[in-house]
Amino acid sequence: MEREEAEWVVQRHGQTVYRLAYARTGNREDAEDVTQETFLRLVRAAPKFRDEDHCRAWLLRVAANCAQDLFRALGGSGSGP
């Protein structure tokens, strides 16, 4: 994924991803970590999206999965705060 494209996606969807991450974690630092991991996975995977809705859905699914992974790593049940 090109840097400019990644920056555009972060600008366009960063707040939405962060809000989901915060809702799932209940913690600012964890939400920031989940958001960062979500966008790192975007850059690594460099998926091709059909449209912007597909991109948003992909990001939100990855963010939810990252939050779940965080709870597992912390020994939690994964059901949220």
Do the side chains of Asp33 and Leu70 get nearer than 4.5 Å, heavy atoms only? no
4.5 Å side-chain heavy-atom contact, Glu4 and Trp8: no
Sorted by chain and number, sequence neighbours left out, side chain to side chain contact (heavy atoms under 4.5 Å, CB included) with Asp51 holds for Asp53, His54
Could you tell me the separation between the [atom1] atom of [X] and the [atom2] atom of [Y], rounded to the nearest 0.5 Å?
X: Tyr22; Y: Arg28; atom1: OH; atom2: CZ; value: 9.0 Å
X: His13; Y: Thr35; atom1: NE2; atom2: OG1; value: 13.5 Å
X: Thr25; Y: Gln68; atom1: OG1; atom2: CD; value: 12.5 Å
X: Leu74; Y: Asp69; atom1: CG; atom2: CG; value: 11.0 Å
X: Glu5; Y: Cys55; atom1: CD; atom2: SG; value: 8.0 Å

Please output the side-chain donor-acceptor pairs of residues 36-43 that fall under 3.5 Å, not counting sequence neighbours, one pair per line with the distance.
unit_1, atom_1, unit_2, atom_2, d
Glu37, OE2, Arg41, NE, 3.0
Thr38, OG1, Val34, O, 2.8

Extract all donor-acceptor atom pairs below 3.5 Å that involve side chains of residues 56-63 and protein atoms in other chains or at least two apart in sequence.
none

Neighbour count >12 (heavy atoms, 6.0 Å) for atom CD, Gln15: no
Assess whether atom CD of Glu2 is packed by more than 12 heavy atoms of other residues, nucleotides or ligands within 6.0 Å. no
Ala21 and Ala31: which non-hydrogen atoms are nearest, and at how many Å? CB-O, 3.6 Å
Shortest non-hydrogen pair, Ala64 vs Arg24, comes out as CB-NH1, 3.5 Å
Would Arg12 and Val9 satisfy side chain to side chain contact (heavy atoms under 4.5 Å, CB included), going step by step from the backbone distance to the final call? CA-CA 5 Å; Arg12 180 76 175 115; Val9 173; 5.7 Å; no
Hydrophobic clusters here meaning ILVMFWY residues chained together by side-chain heavy-atom distances under 4.5 Å, can you tell me if Val10 and Val17 are in one? yes
